[in-house]
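A short worksheet on the structure shown next.
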Amino acid sequence: MALRDYPRRAAELIEQRPEVRESVTRAALHFDRNRARAYAEAPAEAWRTYAKGVKDHLLSRLADYLEAAEARLTENGVRVHWAEGPEDVHRVLGEIVRAHGVRRAVKAKSMLSEELGVNAFLEAQGVEVYETDLGEFIIQLAGEPPSHIVGPAIHKSLAEIRRLFAERLGTPPDASPEALAAAARAFLREKFLTAELGISGANFLVAETGTVVLVENEGNIRLSTSLPRVHVALVGIEKLLPRFEDLAVFLQLLARAATGQPIGTFVSLIDGPRREGETDGPEEVHVVLVDNGRTAALADLEASEVLRCIRCGACLNACPVYRQTGGHPFGFVYSGPIGEVLAPALLGPGEAYPLYHASTLCGACAEVCPVKIPIPKLLLTWRHRAAEEGLLLPMEKAMVRAYAEAVVRPRAYRLASKAMRAFPGALESERLPLVRAWTRLRSGLRPSPRPFHELWEEIKDEREG
Amino acid sequence: MRVALFATCLVDQFFAQAGVATVRLLRSLGVEVDFPRGQTCCGQPAFNAGHWDEARRMARHTMGVFEGYDYVVLPSGSCGSMLRVHYPELFVGRGADYRRAVSLAERTFELSQFLVRVLGVEKLGDGLTGRRFAYHHGCHALRELGVEEEPELLLQNAGAELVPWEADRECCGFGGVFSVKMPVVSVAMADRKLDTLPRQAEPEALVSTDAGCLLHLAGRMKRRGDALPVRHLAEVLWEARSGAS
């Protein structure tokens with residue numbers, strides 16, 4: 001899917017599938033209201049400042065912390081792999097699949113695995129892959145990518161899920177949400193017990209202790225990472241935290257930002273494979289530290305703040321642009337405000353065009369971000385670079401030049417003002433593309449009978465009373 | 001106190017009476033108002049679309065026009081934010097221009113914020129007694145300038161009732177060039193605003209301090225066939241003061 005098609009795909013979705021807009025709006029506003037309440041109950045502002053500081057510090061010496069993490073992980077008996085891009089990750093997974101004769105894998109929700117095309121790769125190796133997060137399970141059944149970082153099936157109505165489950169799992173057509181969840185649970189339980197490989201992402205990786213931290217509400221991550229013989233955690237290199245005690249703030253802030261919970265229902269702190277005398281846990285734990293464009297983004301001082309992101313999805317919930325469509329039209333793993341600034345940082349402004357234009361710069365995202373990423377500022381930076389790199393239509397450049405000429409010459413501005421009134425239908429003419437873009441869904445603009453700068457001449461000598 | 005009115009191009013062209021109202025309102029409070037003739041547009045559309053060289057040209061023009069005034073007052077939050085927040089950003093590391101931008105930024109205020117925070121006026125009169133409005137908080141006024149209580153305070157203290165509106169702080173979808181670059185998304189956002197507008201509370205008008213939002217919402221309401229008058233905040237505040245409607 002080309003990111004370039006966002007405007008067309010968004011328009012089609014809004015006009016042809018109004019139920020998606022309804023589902024997404026309802027769910028995102030629900031999340032956002034919970035977030036607002038949860039922030040209000042806590043010293044959220046202080047935590048956000050702290051979290052931003054911790055991430056900025058981490059990113060300022062990321063190489064050191066990565067080496068420290070590798071050393072601790074290795075001491076803990078975890079096998080560490082470094083991956084520059086999807087090919088490296090596929091190679092590591094391929095080796096594990098062959099070494100352990102893996103035929104079935106269970107997956108905990110991981111956006112990074114989406115970024116790396118893990119499911120398609122494993123399936124091509126003949127491995128059955130099962131998403132075990134309920135939302136991910138739903139969209140896997142439907143054959144769709146996630147529509148939201150935290151709530152991947154946010155775009156689906158209950159009716160749609162009922163139909164899907166009736167078809168694929170044989171549930172009654174009027175099954176309750178609880179019954180649907182129970183059906184998914186029964187289906188997945190057998191997969192958990194028979195899978196040889198469990199794959200997860202990581203919410204955090206503590207450099208000090210080599211601890212992989214996973215937050216969830218369903219318990220599926222705990223099962224995915226403890227029942228199979230092998231657990232592979234895919235970790236973006238920006239997911240590190242320096243110290244174990246940083247978790248005290250980050251765990252609370254992540255949950256409050258994402259869903260409005262004081263903390264996730266399950267927090268798993270994984271510090272290695274099963275040890276002698278322990279009854280549970282995998283025989284092998286692998287951590288794959290993944291770059292996939294992050295180092296380049298880190299070196300880009302005007303864009304690197306995006307790497308503070310902890311993938312809570314709060315900016316999506318707060319975003320009125322995102323709420324009209326959900327994530328699919330964006331055509332990128334990460335959608336909404338953070339996707340609009342991650343896409344150009346990871347793929348370059350050419351490939352990401354025009355995602356960073358899909359914003360009114362309303363600022364609702366920056367207001368809720370738990371690590372204070374200045375998303376509107378980053379959007380403006382990418383827009384500026386796109387203009388500098390000649391990614392915009394030549395016509396736009398010419399129009400902006402003409403507009404600037406009129407603005408710096410008050411006489412030209414006043415002449416244009418007169419011309420607009422000499423041709424009163426100009427702003428309603430269907431022949432001008434820009435006017436047409438306005439008038440297709442809105443009635444045309446009518447200027448005031450006389451502009452204020454003319455009225456000023458009449459009132460300038462008025463005195464009060 | 002020498003105050004310059006920056007009418008902004010949208011008010012100049014589409015809400016000319018809001019310009020008149022701003023002048024009369026400020027004069028009625030004893031403020032000497034000038035309208036420097038060289039003013040045109042702040043350049044925000046070019047800036048937001050990434051054309052920063054052109055935006056700098058326009059910003060330099062505007063900085064020149066408003067040199068020497070104690071305050072610059074705009075009947076707009078969005079253009080106010082362009083001057084207050086983004087002009088300095090545009091000239092970071094550019095010596096004299098940066099100092100001029102910061103100096104202008106410090107003197108620039110959105111109208112309602114100027115009234116409350118600079119003049120210390122919280123009550124303009126009783127001219128809005130018994131009247132009911134829906135107030136739309138424009139995003140740049142709200143989140144970049146922190147204009148939140150000021151318009152509500154001035155309207156309510158003059159006797160107006162503001163209808164409770166679930167989406168009053170949500171973006172209307174205008175977004176300048178966004179409104180024509182991505183018109184379907186832009187209008188879907190307007191529909192969300194309008195669908196949550198409590199019509200049963202019978203507001204007489206939808207009021208905002210930003211002309212762009214008002215043009216967009218008015219154009220959409222008219223097309224939907226459920227038009228409610230839109231009024232610029234400046235006009236309503238002048239009615240609060242003068243009692244005329």
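Because the structure is a prediction, the values reported are computed rather than measured.
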Worksheet item: How about A:Phe452 and B:Phe35: are their ring centres within less than 6.0 Å of each other?
Response: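 Yes - the distance between ring centres of A:Phe452 and B:Phe35 falls below the 6.0 Å cut-off.
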
Which answer fits [X], side chain, backbone, both or neither, if we ask what part of it has an atom under 4.5 Å from a heavy atom of chain A?
X	value
B:Phe15	backbone
B:His216	both
B:Asp34	both
B:Glu32	neither
B:Arg37	both
B:Val23	side chain

Of all heavy-atom pairs between [X] and [Y], which one has the smallest distance, and what is that distance?
X	Y	answer
A:Tyr403	B:Gln44	OH-N, 4.1 Å
A:Val400	B:Ala46	CG1-CB, 4.0 Å
A:Pro410	B:Thr40	CA-CG2, 3.8 Å

Given heavy-atom pairs under 4.5 angstrom as the criterion, report whether the side chain, backbone, both or neither of [X] touches chain B.
X	answer
A:Glu457	side chain
A:Leu392	side chain
A:Met420	side chain
A:Leu427	side chain
A:Ala386	neither
A:Arg411	neither
A:Leu455	side chain
A:Leu13	neither
A:Tyr6	side chain

What option among [options] has the most heavy-atom pairs under 4.5 Å with chain A?
options	value
B:Arg192, B:Arg60, B:His140, B:Glu89	B:Arg192
B:Arg169, B:Lys222, B:Arg57, B:His86	B:Arg57
B:Met58, B:Arg220, B:Glu170	B:Met58
B:Ala218, B:Cys171, B:Ala49, B:Ala188	B:Ala188

Could you tell me the separation between the [atom1] atom of [X] and the [atom2] atom of [Y], rounded to the nearest 0.5 Å?
X	Y	atom1	atom2	result
B:Met182	A:Arg8	CE	CZ	13.0 Å
A:Arg446	B:Phe14	CZ	CZ	11.5 Å
B:Asp53	A:Glu388	CG	CD	5.5 Å
B:Glu144	A:Leu361	CD	CG	8.0 Å
B:Phe47	A:Leu380	CZ	CG	4.5 Å

Fill in: Residues B:Glu54, A:Lys397; criterion side chain to side chain contact (heavy atoms under 4.5 Å, CB included); working and verdict
CA-CA 10 Å; B:Glu54 285 81 1; A:Lys397 196 81 198 163; 3.9 Å; yes

Residue selection (most heavy-atom pairs with chain B, distance under 4.5 Å) from [options]:
options	value
A:Arg401, A:Arg21, A:Lys460, A:Glu15	A:Arg21
A:Gly444, A:Ala10, A:Ala358	A:Ala358
A:Arg436, A:Arg323, A:Lys377, A:Arg450	A:Arg323
A:Pro449, A:Ala406, A:Ala404, A:Pro433	A:Ala404
A:Ala11, A:Cys319, A:Pro7, A:Pro376	A:Ala11
A:Leu29, A:Val435, A:Leu379	A:Leu29

If you define the side chain from C-beta out and look only at heavy atoms, does anything of [X] sit under 4.5 Å from [Y]?
X	Y	value
A:Glu458	B:Val20	no
B:His61	A:Arg409	no
A:Thr360	B:Met189	yes
B:Phe178	A:Val321	yes
B:Ser179	A:Trp438	yes
B:Arg223	A:Leu441	no

Worksheet item: side chain to side chain donor-acceptor pair (under 3.5 Å) with B:Glu235: which residues, sequence neighbours excluded?
Response: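 In terms of side chain to side chain donor-acceptor pair (under 3.5 Å), with neighbours along the sequence ignored, B:Glu235 is linked to no residue.
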
Treating [X] as the side-chain partner and [Y] as the backbone partner, does any N or O pair qualify as donor plus acceptor under 3.5 Å?
X	Y	result
A:Arg385	B:Gly50	no
A:Ser448	B:Ala16	yes
A:Arg383	B:Asn48	yes

Practice prompt. Using only heavy-atom distances, determine whether the side chains of A:His453 and B:Gln39 contain a donor-acceptor pair under 3.5 Å.
Written response: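 There is no such pair between these side chains.
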
Worksheet entry | Donor-acceptor pair between A:Arg442 and B:Ser186 side chains, under 3.5 angstrom |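 Yes.
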
Discussion item. Does B:Val184 form a side chain to side chain contact (heavy atoms under 4.5 Å, CB included) with A:Arg440? I'd like the steps, not just the answer.
Written reply: CA-CA 9 Å; B:Val184 178; A:Arg440 189 166 83 77; 3.3 Å; yes

Discussion item. What residues of residues 3-13 of chain B make heavy-atom contacts with chain A at a cutoff under 4.5 angstrom?
Written reply: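 Within residues 3-13 of chain B, the residues that come under 4.5 Å of chain A (heavy atoms only) are B:Leu5, B:Ala7, B:Cys9, B:Asp12, B:Gln13.
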
Discussion item. Show, in sequence, the C-alpha distance, side-chain angles and deciding distance for A:His384 and B:His51, and conclude whether the side chain to side chain contact (heavy atoms under 4.5 Å, CB included) test is met.
Written reply: CA-CA 6 Å; A:His384 173 53; B:His51 306 277; over 6 Å; no

Practice prompt. Please lay out, stage by stage, how A:Cys362 and B:Arg143 fare under the test side chain to side chain contact (heavy atoms under 4.5 Å, CB included).
Written response: CA-CA 8 Å; A:Cys362 83; B:Arg143 299 195 185 85; 4.1 Å; yes

